[in-house]
Amino acid sequence: MDSVALYCTAGLIAGALYWFICVLGPAERKGKRALDLSGGSISAENVKDNYNQYWSFFRRPKEIESAEKVPDFVDTFYNLVTDIYEWGWGQSFHFSPHIPGKSHKDATRIHEEMAVDLINVKPGQKILDAGCGVGGPMRAIAAHSKAQVTGITINEYQVQRAKLHNKKAGLDSLCNVVCGNFLKMPFDENTFDGAYSIEATCHAPKLEEVYSEIFRVMKPGSLFVSYEWVTTEKYIDEDEEHKDVIQGIERGDALPGLRSYKDIAATAKKVGFEVVKEKDLAKPPSKPWWSRLKMGRLAYWRNHVVVVILSAIGVAPKGTVDVHKMLFKTADYLTRGGETGIFSPMHMILCRKPEKASE
């Protein structure tokens, strides 16, 4: 009887672990599984060292502000977090306003489709996704607009993931992904009929540099829309709590430094764009974008148990637990930024490249 009870108990534990890890684990059913968590292009034995290297950038703040150092800094970050993002969040690495009655997935898709609607592209035209990640927005936008979307990301592992997802979705004929730095893109001048960037240009050390490059590769008369991470008019630099929140967001999201909302349009005009529209999509009547983070706290603890178990038994690389802890702390900073109103991840700016260059 004792042996039967032991076998039953062992079976229940094994079944519970399978359910906990394999069934509950993935937020995106067609994306990454918990059992496949990795360090991206970083070998498993080097994940812990690269996590420490990532944090070492913050001990040398001048390097974070250097265009030469930032690509390595951002690349390291996305090697560390891409699998965790996909597993726990989905294939679209950005926020969107909460829409009552809609799932997070649907709200995200609507937010992405709005971006391509704003730039007025037609089926078959070529558009740029500057900072495409694993291509969640790219696929939604290609399916919605039937435009040819070319995405660029600094991270080779994300290129591999994006191509895999594009093929699975049957959208590889509309979606192309290249590995490169959006500060020096491998595209000719006047290539694209439109461009968008969703919460990506915040990784550039200077916004002027990435806006100039996007301007260069766009055709005259075409439109560019960007959802920018910014500090708002409520942010007070002398307020120590405000500074703590913003620095927490910067350190947990590989940002050279958050910009003020006042700088966005000024920078766009400086590189030659005509500003068509500017609006903070996070402000009322939009519903809180950070509600997803607050609602996900229970899921975080569930996921963290999974990560600890997988790391302990050698399935997930050493250092994965540290990365997951970092992301949870960052989620708290982001939530505080949203609740206080000092931070927005979706300050929208719509720009046009003039038909003729200004004299």
Side-chain angles (χ1 to χ4, degrees), residues 92-94 96 108-154 159 162 166 169 171-178 180-204 207-229 264-265 267-279 281 346-358:
S92 294
F93 299 173
H94 64 82
S96 60
T108 297
R109 174 183 51 78
I110 291 167
H111 191 57
E112 292 164 350
E113 290 175 352
M114 182 179 71
V116 74
D117 288 342
L118 284 167
I119 60 175
N120 296 329
V121 294
K122 299 179 176 61
Q125 288 188 317
K126 296 169 64 176
I127 57 176
L128 171 70
D129 181 335
C132 65
V134 298
M138 172 192 303
R139 287 181 287 281
I141 283 170
H144 178 67
S145 67
K146 301 300 186 289
Q148 297 278 342
V149 187
T150 296
I152 185 168
T153 171
I154 194 73
V159 173
N166 292 345
L171 291 167
D172 46 335
S173 62
L174 289 177
C175 298
N176 180 43
V177 191
V178 299
N181 186 346
F182 59 22
L183 301 178
K184 291 183 180 179
M185 290 189 277
F187 310 123
D188 293 334
E189 293 182 10
N190 307 327
T191 295
F192 296 100
D193 299 292
Y196 66 89
S197 184
I198 299 179
E199 301 183 29
T201 57
C202 51
H203 290 300
L207 189 63
E208 181 180 345
E209 293 177 346
V210 64
Y211 274 15
S212 293
E213 223 4 38
I214 292 170
F215 184 91
R216 180 185 69 81
V217 301
M218 288 172 55
K219 293 179 180 178
S222 60
L223 292 165
F224 163 59
V225 66
S226 185
Y227 298 163
E228 294 288 344
W229 282 31
I264 307 304
T267 302
K269 292 174 182 176
K270 185 177 180 180
V271 305
F273 280 119
E274 298 170 350
V275 176
V276 177
K277 187 176 182 180
E278 187 176 20
K279 180 181 180 182
L281 301 177
M346 53 190 79
H347 184 92
M348 184 275 290
I349 185 165
L350 178 65
C351 307
R352 178 181 286 108
K353 181 175 180 176
E355 290 284 357
K356 293 183 180 180
S358 58

Enquirer: I'd like to know whether I264 forms a side chain to side chain contact (heavy atoms under 4.5 Å, CB included) with T267, so could you lay out the CA-CA distance, the side-chain angles of the two residues, the decisive distance to 0.1 Å, and finally the verdict.
Expert: CA-CA 5 Å; I264 307 304; T267 302; over 6 Å; no
Enquirer: Would you check if N166 and M138 make a side-chain contact, meaning some heavy-atom pair closer than 4.5 Å?
Expert: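 SC-SC contact between N166 and M138 confirmed.
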Enquirer: Taking all atoms of both residues into account, what is the closest heavy-atom pair of E213 and L183, and its distance?
Expert: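 E213 and L183 have their closest heavy atoms at CG-O, 3.3 Å.
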Enquirer: Between A162 and G135, what is the shortest heavy-atom contact and its length?
Expert: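 Minimum heavy-atom separation between A162 and G135: CB-N, 4.3 Å.
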Enquirer: Quick one: pull up CG in L174 and OG in S145 and give me the separation to the nearest 0.5 Å.
Expert: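 These two atoms lie 7.5 Å from each other.
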Enquirer: For side chain to side chain contact (heavy atoms under 4.5 Å, CB included), just list the numbers for T201 and E228, CA-CA rounded to whole Å, side-chain angles, deciding distance to a tenth of an Å, and then say yes or no.
Expert: CA-CA 7 Å; T201 57; E228 294 288 344; 2.5 Å; yes
Enquirer: Partners of E199 by side-chain contact (heavy atoms from CB on, under 4.5 Å), sequence neighbours excluded?
Expert: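 Here the qualifying residues are H94, F95, Y227, W229, P345.
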Enquirer: Rounded to the nearest 0.5 Å, how far apart are OG of S96 and CG of L281?
Expert: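 Separation between the atoms: 10.5 Å.
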Enquirer: Using 0.5 Å steps for rounding, measure from the NZ atom of K279 to the CG atom of L118.
Expert: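 One gets 10.0 Å once the value is rounded to the nearest 0.5 Å.
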Enquirer: Applying salt bridge (Lys or Arg N to Asp or Glu O under 4.0 Å), run through K270 and E208 and close with a yes or a no.
Expert: CA-CA 8 Å; K270 185 177 180 180; E208 181 180 345; 3.1 Å; yes
Enquirer: Give a yes or no on whether the backbone of M185 and the side-chain of R216 come within a donor-acceptor separation of less than 3.5 Å.
Expert: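 Side chain of R216 to backbone of M185: a pair is present.
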Enquirer: Throw together a table of side-chain donor-acceptor distances under 3.5 angstrom for residues 119-130, partners on residues two or more places apart or in other chains.
Expert:
from, atom 1, to, atom 2, distance (Å)
Q125, OE1, K122, N, 2.8
D129, OD2, Y196, OH, 2.8

Enquirer: Are any of the side-chain heavy atoms of I152 and P186 separated by less than 4.5 Å?
Expert: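 Yes, at least one pair of side-chain atoms sits under 4.5 Å.
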Enquirer: For a 4.5 angstrom cut-off between non-hydrogen side-chain atoms, does I349 reach V275?
Expert: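 They are in contact (side-chain heavy atoms under 4.5 Å apart), so the answer is yes.
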Enquirer: Under the side chain to side chain contact (heavy atoms under 4.5 Å, CB included) criterion, do V178 and F187 qualify, and how do the steps go?
Expert: CA-CA 10 Å; V178 299; F187 310 123; 3.7 Å; yes
Enquirer: In sequence, state the C-alpha distance, the side-chain angles, and the governing distance for E112 and H144, and then conclude on side chain to side chain donor-acceptor pair (under 3.5 Å).
Expert: CA-CA 9 Å; E112 292 164 350; H144 178 67; over 6 Å; no
Enquirer: Listed by chain and number, what are the side-chain contact (heavy atoms from CB on, under 4.5 Å) partners of E274, not counting sequence neighbours?
Expert: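 Per chain and number, E274 pairs via side-chain contact (heavy atoms from CB on, under 4.5 Å) with R352, P354.
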Enquirer: Testing the basics here: between A268 and C351, what is the closest heavy-atom pair and its distance to 0.1 Å?
Expert: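 So the minimum-distance heavy-atom pair works out to CB-SG, 3.8 Å.
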Enquirer: Distance check, rounded to the nearest 0.5 Å: F182 atom CZ versus S197 atom OG?
Expert: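 Answer for the CZ-OG pair, F182 versus S197, is 6.5 Å.
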Enquirer: Within the structure provided, determine whether F224 and M218 are in side-chain contact (heavy-atom separation under 4.5 Å).
Expert: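 In contact.
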Enquirer: Minimum heavy-atom separation for A142 to C175, with atom names?
Expert: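 Answer, listing the atom of A142 first, then C175: CB-SG, 3.6 Å.
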Enquirer: Verify, without hydrogens or angle tests, whether K353 (side chain) and F215 (backbone) share a donor-acceptor contact under 3.5 angstrom.
Expert: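 Yes, because the side chain of K353 sits within donor-acceptor range (under 3.5 Å) of the backbone of F215.
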Enquirer: Should V217 and E189 be marked as a side chain to side chain contact (heavy atoms under 4.5 Å, CB included) after you check the CA-CA gap, both sets of side-chain angles, and the distance that decides it?
Expert: CA-CA 4 Å; V217 301; E189 293 182 10; over 6 Å; no
Enquirer: Between atom SG of C202 and atom NE2 of H347, what is the distance when rounded to the nearest 0.5 Å?
Expert: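 Rounded to the nearest 0.5 Å, the SG-NE2 separation comes to 13.5 Å.
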Enquirer: What distance separates F93 CZ from I198 CD1, expressed to the nearest 0.5 Å?
Expert: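 With rounding to 0.5 Å, CZ (F93) is 13.0 Å from CD1 (I198).
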